[in-house]
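Values reported hereafter were calculated over all heavy atoms of this structure, with side chains retained and with hydrogens, waters and symmetry mates removed. Note that the coordinates shown come from a computational prediction; the quantities given were computed from them, not determined experimentally.
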Amino acid sequence: IMERLLHFYFLLTGLLLVSNAASAQTWEDAPIEFADAKVKETCVNLWDTNEDGELSLYEAAAVQEIPYYMFWNRTDITSFDELQYFVGLERIPDLTFQNCTSLTSVIIPNSVKTIASYSFKNCTSLTSIVIPNSVEYIGNLAFQNCSSLTSIELPNSLRELYNSPFSGCRSLTSLVIPKSVTQINTD
């Protein structure tokens with residue numbers, strides 16, 4: 001079932017996956033090419049179930065949760081666009097990327113419904129983040145002090161914003177809150 005779901009997901013998202021007949025490698029075994037070696041090292045250490053030193057699309061898709069503090073205070077990481085392949089995730093936990101001052105871009109998978117409190121707080125170099133149309137909740141100060149963010153598009157799936165998630169985003173020139181938002185908490 002998982003293989004069929006993954007295949008369907010990759011067809012829907014337009015990702016091209018090719019089997020390598022010469023090495024008898026199937027698409028789900030294809031290793032993810034990480035742009036950031038430190039991110040790759042962390043992901044391989046946590047989720048390389050077949051111990052080949054790589055993280056395959058299948059292994060990434062099987063991850064259902066990432067640890068709190070996963071990259072907390074990691075000033076040595078610059079990007080995690082490969083997060084988009086972690087299609088089993090429904091939540092970006094509290095503090096996951098807090099204080100990652102060199103992080104410039106992240107692509108959140110289409111499966112994520114919650115971006116929890118302080119998830120990207122103080123990511124001062126973050127210039128690009130893709131928030132998919134699956135996200136329903138953005139938590140307390142989630143993007144606080146992301147001072148390099150110039151624009152962010154909130155999805156129509158968004159229902160709730162909690163306590164100033166974009167506080168201190170000095171370069172943010174506009175923010176359109178979609179009509180789907182029914183609750184803005186300011187505690």
Worksheet entry | Derivation of the side chain to side chain contact (heavy atoms under 4.5 Å, CB included) call for Cys43 and Lys38 | CA-CA 9 Å; Cys43 291; Lys38 295 292 185 179; over 6 Å; no
Worksheet item: So do the side chains of Tyr85 and Pro109 get within less than 4.5 Å of each other, counting heavy atoms only?
Response: no
Discussion item. How long is the straight-line distance from CZ of Phe80 back to CZ of Phe71, given to the nearest 0.5 Å?
Written reply: 5.0 Å
Discussion item. Between Val181 and Ile131, is there shared hydrophobic-cluster membership here, with clusters defined by ILVMFWY side-chain heavy atoms closer than 4.5 Å?
Written reply: yes
Worksheet item: Within a radius of less than 6.0 Å around CZ of Arg170, do more than 12 heavy atoms belonging to other residues, nucleotides or ligands occur?
Response: no
Worksheet item: Are the side chain of Asn133 and the backbone N or O of Ser157 linked by a donor-acceptor pair below 3.5 Å?
Response: yes
Fill in: pair Pro31-Ser56: side-chain heavy atoms closer than 4.5 Å
no
Discussion item. On a heavy-atom basis, which atom in Leu55 and which in Ala60 lie closest, and how many Å separate them?
Written reply: CD2-CB, 4.2 Å
Fill in: Test item: side-chain donor near acceptor, Asp81 and Ser105, under 3.5 Å
yes
Worksheet item: Quick one: does Thr104's side chain have a donor or acceptor within less than 3.5 Å of a partner on Thr78's backbone?
Response: yes
Worksheet entry | Cluster link Ile32 to Ile66, ILVMFWY, side chain under 4.5 Å | yes
Discussion item. Are the side chains of Tyr137 and Ile115 in contact, using a 4.5 Å heavy-atom criterion?
Written reply: no
Worksheet item: When rounded to the nearest 0.5 angstrom, what is the spacing between OG in Ser164 and CD1 in Ile138?
Response: 12.5 Å
Worksheet entry | Backbone N/O of Thr75 and side chain of Ser102: donor-acceptor pair under 3.5 Å | yes
Practice prompt. Considering only NZ, NE, NH1 and NH2 on the basic side and carboxylate oxygens on the acidic side, decide whether Glu82 and Lys40 come within less than 4.0 Å.
Written response: no
Worksheet item: Rounded to the nearest 0.5 Å, how far does OH of Tyr162 lie from OG1 of Thr114?
Response: 14.0 Å
Item to complete: Could you pull out the closest heavy-atom pair between Glu54 and Asp48, with the gap in Å?
Response: O-OD1, 3.0 Å
Practice prompt. Kindly work out whether a path of hydrophobic side-chain contacts (I/L/V/M/F/W/Y, heavy atoms less than 4.5 Å apart) joins Val39 to Val130.
Written response: no
Practice prompt. Measure the spacing between CD of Glu136 and OG1 of Thr182 and express it to the nearest 0.5 Å.
Written response: 10.0 Å
Worksheet item: Would Ile108 and Gln84 satisfy side chain to side chain contact (heavy atoms under 4.5 Å, CB included), going step by step from the backbone distance to the final call?
Response: CA-CA 5 Å; Ile108 297 172; Gln84 68 185 306; over 6 Å; no
Worksheet item: Side chains of Tyr58 and Asp29: donor-acceptor distance under 3.5 Å anywhere?
Response: no
Worksheet entry | Closest non-hydrogen atom pair between Leu158 and Ser180, with its separation | O-OG, 2.6 Å
Fill in: ILVMFWY cluster, Tyr69 and Val63 together (side-chain gap under 4.5 Å)
no
Item to complete: Could you pull out the closest heavy-atom pair between Pro155 and Val135, with the gap in Å?
Response: CG-O, 3.9 Å
Worksheet item: Distance only, no hydrogens: is a donor on one side chain within 3.5 Å (strictly under) of an acceptor on the other, for Asn185 and Glu160?
Response: yes
Worksheet item: Looking only at atom types and distance, does a side-chain atom of Glu59 sit under 3.5 Å from a main-chain N or O of Thr49, one as donor and one as acceptor?
Response: yes
Discussion item. Within a 6.0 Å radius of atom CH2 on Trp47, are there more than 12 heavy atoms belonging to other residues, nucleotides or ligands?
Written reply: yes
Worksheet item: Who are the side chain to side chain contact (heavy atoms under 4.5 Å, CB included) partners of Ser134, not counting sequence neighbours?
Response: Pro132
Worksheet entry | Leu149 vs Ile129 side-chain heavy atoms within contact, under 4.5 Å | yes
Worksheet entry | Thr150 (side chain) donor-acceptor with Ser171 (main chain) under 3.5 angstrom | no
Item to complete: Check the hydrophobic clustering (I, L, V, M, F, W, Y; side-chain heavy atoms under 4.5 Å; chains of links allowed) and say if Tyr68 and Phe97 are grouped together.
Response: no
Worksheet item: Say you draw a straight line from CG of Leu126 to OG1 of Thr101; how long is it, rounded to the nearest 0.5 Å?
Response: 11.5 Å
Would you give me the side-chain donor-acceptor pairs under 3.5 Å for residues 86-96, sequence neighbours excluded?
from  : atom 1 : to     : atom 2 : distance (Å)
Asp94 : OD1    : Ser117 : N      : 3.1
Thr96 : OG1    : Pro93  : O      : 2.6

Response to the item:
Looking only at heavy atoms, the pair that brings Cys169 and Phe143 closest together is SG-O, 3.1 Å
Worksheet entry | Positive for side chain to side chain contact (heavy atoms under 4.5 Å, CB included) with Asn122, one of Asn73, Leu141, Asn145 | Asn145
Worksheet item: About how many Å separate CG of Leu103 and CZ of Arg74, when rounded to the nearest 0.5 Å?
Response: 11.0 Å
Fill in: Shortest non-hydrogen contact from Leu154 toward Val176
CD1-O, 3.7 Å
